[in-house]
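Here's the structure we're looking at; comments come further down.
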Protein chains: 2
Amino acid sequence: MQVRKRIEAAASDMTASERKLAATLLADYPFAGLASIQDLGRKAEVSAPSISRFVAKIGLGGYQEFQRDLIAELKEGQQSPVEVHRADRAVNGGYLNDFIARAADQMQVAGDAITQAQFDRICRLLSEPKRKIFVIGGRISDTIAKHLSFHLRQARTGVFHIPDSTEVWPEYLLRMKQGDILFMVDFRRYQANLAVLAETASATVGARIILMTDRWLSPIAKHASEILPVPIESGTLWDTYSPALAVTEALVTRIAEDNWDETRDRIKAWDALRLPQQDMIK
Amino acid sequence: MQVRKRIEAAASDMTASERKLAATLLADYPFAGLASIQDLGRKAEVSAPSISRFVAKIGLGGYQEFQRDLIAELKEGQQSPVEVHRADRAVNGGYLNDFIARAADQMQVAGDAITQAQFDRICRLLSEPKRKIFVIGGRISDTIAKHLSFHLRQARTGVFHIPDSTEVWPEYLLRMKQGDILFMVDFRRYQANLAVLAETASATVGARIILMTDRWLSPIAKHASEILPVPIESGTLWDTYSPALAVTEALVTRIAEDNWDETRDRIKAWDALRLPQQDMIK
DNA sequence: GAGTTTATGAAAAATATTTTTCAGTCAAGA
DNA sequence: TCTTGACTGAAAAATATTTTTCATAAACTC
């Protein structure tokens, strides 16, 4: 139940100081309740014990629980940017447009959650030629990981995409050296085997792990030295990976731009090898 | 100064656990910071002392001051969410945000370019249980195609992802019946072999081709009965596939929602088979 | 590879916060 | 006016929270 409702429900049966308290609380709801019990006491001109009793009276376990509830409400009620946005353009509707608007908003959120410095740092790490780069993702998110490794491979040497099958993992682990990068993408419905891989790579080999994950943080987080948090809630049945893809693309594009000379040469060389085969079809 | 800005400002000079902390904080800003230092520590997989030091580093007097600031911001922002949001955006620029803004624009374009009627029609085609669905993409765009087939497979039977290697294609072609769907994703640097596949499938087998492509229209277009045009120019060195992914996600989400009962059952059955293996790792 | 620096968390200490106890106050009724 | 009972806050006690200290581990440098 909402805290506000609880207060209203108990209103008929309140003492003088409790009413003072209730008024103070509701006058600046829910922020007044976020101060310490002392501060709130001062503000409402009521002693701390009265507050303690009040909180018990409205059926909560204690002042801390009371605050937790308020925060939860606030978070809940926090009008998501999506809603704000949608109100903005109320007109255009349609399933697709709606979906896209949400995805676009989540992308914005991703942009805000990743600092510029972090972005630069990760680009730099992925650019250093001495480090090898190993890339892997989860069942679904491997598509994102593939995108990364594919483009990274055009910009530099030493990029390996680790296959799904755990059987060949040791082979890749053996190839890793200290300081090499293991870039992992893991979104919810985290895979236990990826966590094991992370553990091994960081503990045994000394690889540096860069993790792209959602806000609940995959268990890999504890081994990671860089975390790229990306929102994935689309407000629908399934998650959206568009923000993750956008961030990935931003990374690889930046890296390619920074190393343009090498990238251009590599693409050229690569095309020369690929084109003759391209039309080969039975 | 906003706490978020403080974090960004200090980002260049952070240790590993501080970065983890920053990521956690920003991923669920500002609510993550409203928990107790212990809880936050648990969430970010970092010790309480590290948080204490972190808070000092970003120039605040202590955890309590940090929380007070967050609450003040929250209260501030509550007044006029839209304005605050806008203001935020304007300031922070940077490569990533810039990139994301472009991608978001392109997504809008995609939304406008696909009519609601077409979107619905394609969803319906992909939902009809009698038609089998074959999916394939180009070298890079197969990422998008994989996403489609993966999710589609959760909503229905008879979904096949055609592998890269041309050698096995005939096998798939033999399996196709008139009226089956061949969903192809092909962006510039079109692959000749895909065009051949399209030609064969439509002329010989009588499959219906749905094509997702960019505005230059892949050579497959002439065989396609539905074309989903998606913009891919990012204004940078490389193209962006975010709009394509967003459209794909919109499709599969809509389809799953429309066939929710079946989808739910399939996912459940699927999980039952998958979970026991999930932890299987050497 | 040895030595130095730096970062980290466990434990202890310090601090802040909340709850309980308890004595005083006040109002209502005899 | 006295008694009774409920309400209140000061102070103490109990808790929870935060910060400091310190030993260890990791990373970096020469």
Side-chain angles (χ1 to χ4, degrees), chain A residues 10-25 32-71 121 125 128 130-131 176-181 199 201-209 221-227, chain B residues 10-25 32-71:
Chain A
S12 56
D13 177 38
M14 277 185 189
T15 70
S17 44
E18 283 168 350
R19 276 195 298 273
K20 252 204 293 198
L21 193 48
T24 310
L25 245 20
L34 262 30
S36 79
I37 204 171
Q38 305 284 356
D39 290 351
L40 176 58
R42 213 163 303 130
K43 190 166 175 186
E45 319 221 284
V46 144
S47 73
S50 298
I51 299 176
S52 213
R53 287 186 285 256
F54 175 86
V55 169
K57 195 169 200 167
I58 62 174
L60 296 172
Y63 197 69
Q64 271 143 217
E65 186 177 328
F66 166 78
Q67 292 196 318
R68 259 199 309 280
D69 282 11
L70 286 179
I71 291 172
R121 207 168 45 238
L125 275 174
E128 288 174 13
K130 277 183 318 204
R131 303 177 193 275
M176 279 183 211
K177 286 224 185 61
Q178 171 145 28
D180 284 353
I181 306 282
E199 158 103 55
S202 85
T204 314
V205 188
R208 269 175 100 143
I209 296 181
K222 67 162 111 18
H223 309 296
S225 70
E226 295 279 356
I227 295 178
Chain B
S12 56
D13 179 37
M14 279 186 188
T15 70
S17 41
E18 285 169 347
R19 283 195 297 269
K20 254 202 287 204
L21 193 48
T24 309
L25 247 18
L34 295 177
S36 78
I37 204 170
Q38 306 283 358
D39 290 350
L40 176 58
R42 213 163 305 128
K43 187 165 175 187
E45 319 233 14
V46 143
S47 73
S50 298
I51 299 177
S52 218
R53 288 185 285 254
F54 175 87
V55 170
K57 196 169 200 168
I58 62 175
L60 296 170
Y63 197 71
Q64 273 143 216
E65 186 178 328
F66 166 79
Q67 291 196 318
R68 262 199 305 282
D69 281 12
L70 285 180
I71 291 172

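Sequence lines set the chain letters: A, B, ... in the order given, protein chains first and strands last, and positions in each chain run from 1. These figures come from a predicted structure and were not determined experimentally. Worth knowing before you read on, the calculation uses all heavy atoms, side chains too, and leaves out hydrogens, waters and symmetry mates.
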- Taking only residues two or more places apart in sequence or in another chain, which ones pass salt bridge (Lys or Arg N to Asp or Glu O under 4.0 Å) with K57(A)? E18(A)
- Across all chains, not counting sequence neighbours, the salt bridge (Lys or Arg N to Asp or Glu O under 4.0 Å) partners of K43(A) are D28(A)
- Indicate, with a heavy-atom threshold strictly under 4.0 Å, whether Q38(B) touches base, sugar-phosphate, or nothing. base
- Interatomic distance, CD@Q67(A) vs CG@D69(A), rounded to 0.5 Å, equals 10.5 Å
- Task: Starting from the 5' end of DNA chain C, give me the residue, S52(A) or T15(B), whose nearest nucleotide shows up first.
- Result: T15(B)
- Of all residues at least two apart in sequence or in a different chain, which pass the side-chain contact (heavy atoms from CB on, under 4.5 Å) check with Q38(B)? S36(B), R42(B), A48(B)
- Note on the structure: Applied to residues 41-62 of chain B, the ring-ring contact (aromatic ring centres under 6.0 Å, His included) test, sequence neighbours excluded, yields none
- Task: Measure from CG on L21(B) to P on dT8(C) and round the result to the nearest Å.
- Result: 11 Å
- Taken in chain and number order and not counting sequence neighbours, the residues that satisfy side-chain contact (heavy atoms from CB on, under 4.5 Å) with V205(A) are L173(A), M176(A)
- Message: Test of understanding: with side-chain contact (heavy atoms from CB on, under 4.5 Å), list the residues that count as partners of R131(A), not counting sequence neighbours.
- Response: L125(A), E128(A), D180(A), I181(A), R208(A)
- Message: Could you work out, with salt bridge (Lys or Arg N to Asp or Glu O under 4.0 Å) as the rule, every residue matching R53(B), not counting sequence neighbours?
- Response: none
- Message: Using a 4.0 Å cut-off on heavy atoms, which residues in residues 54-61 of chain A reach DNA chain C? List them by number, or say none.
- Response: none
- Query: Who are the side-chain contact (heavy atoms from CB on, under 4.5 Å) partners of A10(A), not counting sequence neighbours?
  - Reply: M14(A), I58(A)
- Close approaches to DNA chain D from residues 40-50 of chain A, in residue order (heavy atom, under 4.0 Å): S47(A), P49(A), S50(A)
- For I37(B) and for R208(A), locate the closest nucleotide of DNA chain D by heavy-atom distance; then report the residue assigned to the nucleotide nearer the 5' terminus. I37(B)
- Item | Closest approach of F66(A) to V55(A) (non-hydrogen atoms, all atoms of both residues) | CB-CG1, 3.9 Å
- Note on the structure: By side chain to side chain donor-acceptor pair (under 3.5 Å), S225(A) pairs with (sequence neighbours left out) none
- Task: Check the distance between dG9(C)'s P and R53(B)'s CZ and give it to me in whole angstrom.
- Result: 8 Å
- What is the 5' to 3' range of DNA chain D, first to last nucleotide, that sits under 4.0 Å from any heavy atom of chain B? dT18(D) to dT20(D)
